[in-house]
Amino acid sequence: MRFLAFAISDPTPCRGMGHAAGAVDLHNQDCARALLAWYDRDRRILPWRAAPGVAPDPYCVWLSEIMLQQTTVAAVKPYYEKFTARWPDVRALAAADEAEIMSAWAGLGYYARARNLIACARKVESDHGGVFPDDEASLRALPGIGRYTAAAIAAIAFDRRAVAVDANVERIVARLFAVKEALPKARRRIVELADRLTPARRAGEFIQAMMELGQTVCTPRAPDCGRCPIHEYCRAFGEADPSLYPVKARKAPRPRREGIAYWLEHQGKVLLVRRPQRGLLGGMLALPTDGEGAPAEADWREAGAVEHVFTHFALRMRLLCAEGQADSDGIWWPVERIGEAGLPTLFAKLAARGSEWRRAA
Ligand code: SF4
């Protein structure tokens, strides 16, 4: 079988050479078949995954795909369940209060997704009568739906043949074909190879099977090749360390930034502000920060700092605390119920420090 593995894994002869491409495509089909057989047998039960033989609900597919962007299955599950219990379809979500949605999203991160979620639900309602369009091009025209998500929704929800390449698929394909070129340059080649692998039928299940394999077997650091249903088709399997794929270009170190947040208290309430719609954590409730200046003249005391890592930079934020008058603009929130304010993680960490400062004062 190692001969077969080598035949599929060397993609170069496929380019413009009829017989070689045909041979490789046959092996690709076998590989896809083996993967789907494994998925049929071993797939996990996930709240957004339709049972075999049941038509998937496009709303559930879309919601889960947006939530799963750069976020783990374990982190998404409780949010997905909360959202579908509260807003069971796209019409309910389109009619919901924006602040309530932002607050329900708090803690899941990448808040632009929540703002786009609302905009997308409203556009589906206004332009498509509350029904998701079923082709990639129309899906891509909706807010927050990029190339990958449009392909995934078209395939999973509407059984269209589409090629969806996320980080999981990128990793598996780079290993299967031992792609030596580094990311991000290799991306175009990887999409071509993923296209060759994608079967004409069951494309939606194929995408889900690839994701499942990437999350449970062909993981970034420790691929469990002995358990892999497609190892006989994998070129990296024959190499010393499959985890070296995908090859990545060296990244510039993440820049560090500094900031200050303010905990201003008055009679058991703390001042919160809603952040501007555009920019970091836009639209979320938060403590005031130095971007707008101190919210009041007061005897500010240092209460430590928290570190938080965003995609493009790391942030160290100092917390200054004070007692003050309730004459600053914002929302005065009961300190005892600060956990219910729906603060994003950075400000939830700062609020925990503020509460400690209060107890110690
Ligand atoms: Fe990934 Fe290993 Fe399977 Fe290759 S054999 S696809 S490296 S788990």
Side-chain angles (χ1 to χ4, degrees), residues 1-14 20-21 23-44 46 49 68 70-74 148 151-152 155-156 161-249:
M1 289 313 271
R2 299 310 298 160
F3 167 71
L4 290 183
F6 194 79
I8 186 178
S9 60
D10 183 1
T12 316
C14 305
V24 172
D25 285 346
L26 261 186
H27 295 306
N28 286 347
Q29 284 170 28
D30 287 346
C31 177
R33 218 171 284 128
L35 183 69
L36 281 165
W38 167 78
Y39 182 68
D40 288 342
R41 211 175 46 242
D42 286 356
R43 67 171 161 193
R44 293 171 298 173
L46 297 175
R49 197 170 266 175
L68 286 163
Q70 305 185 59
T71 312
T72 63
V73 165
Y148 162 77
I156 299 170
R161 187 189 179 279
V163 181
V165 180
D166 70 347
N168 286 305
V169 175
E170 214 165 64
R171 184 169 62 253
I172 297 166
V173 170
R175 290 173 181 175
L176 271 178
F177 294 91
V179 176
K180 299 275 190 282
E181 194 178 7
L183 286 171
K185 244 185 137 189
R187 205 153 276 148
R188 183 192 284 258
R189 180 76 186 123
I190 287 176
V191 171
E192 280 172 24
L193 294 167
D195 192 3
R196 283 174 175 272
L197 270 178
T198 304
R201 291 182 56 247
R202 301 190 68 195
E205 278 153 317
F206 177 77
I207 287 171
Q208 293 178 84
M210 287 289 266
M211 291 175 193
E212 183 97 344
L213 189 76
Q215 288 159 1
T216 61
V217 179
C218 194
T219 53
R221 283 195 202 99
D224 191 355
C225 300
R227 209 161 66 79
C228 180
I230 52 173
H231 69 263
E232 67 189 79
Y233 303 96
C234 179
R235 186 165 186 181
F237 180 59
E239 297 189 1
D241 186 0
S243 74
L244 295 177
Y245 297 98
V247 180
K248 289 186 180 152

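One-based numbering, in listed order, for ligands and for the atoms of each. These numbers come from a predicted model, not from an experiment.
Heavy-atom contacts of Pro242 reach the following atoms of ligand 1: 7 (S) (cutoff under 4.0 Å). Each of the atoms 7 (S) of ligand 1 lies under 4.0 Å from some heavy atom of Arg175.
Checked for salt-bridge contact, Asp40 and Arg202 meet the test: a charged N lies under 4.0 Å from a carboxylate O.
One finds the CG atom of Leu36 at 9.5 Å from the CZ atom of Arg33 (value rounded to the nearest 0.5 Å). Note that SG of Cys225 is 11.0 Å distant from CD of Glu239, once rounded to the nearest 0.5 Å. With rounding to the nearest 0.5 Å, the separation of CZ in Arg227 from CG in Leu213 is 9.0 Å. Of the inter-residue distances, the one linking Leu176 atom CG with Tyr245 atom OH reads 11.5 Å to the nearest 0.5 angstrom. Separating the CD1 atom in Ile190 from the CD1 atom in Ile172 is a distance of 11.5 Å, to the nearest 0.5 Å.
Here the heavy atom of the protein found nearest to atom 4 (Fe) of ligand 1 is Cys234 SG, 2.4 Å. The closest protein non-hydrogen atom to atom 1 (Fe) of ligand 1 is Cys218 SG, 2.4 Å. Given atom 2 (Fe) of ligand 1, the protein heavy atom at minimum distance is Cys225 SG, 2.4 Å.
Heavy atoms of His231 found under 4.0 angstrom from ligand 1 belong to the backbone as well as the side chain.
Contact annotation: Cys228 places an N, O or S atom under 2.8 Å from atom 3 (Fe) of ligand 1.
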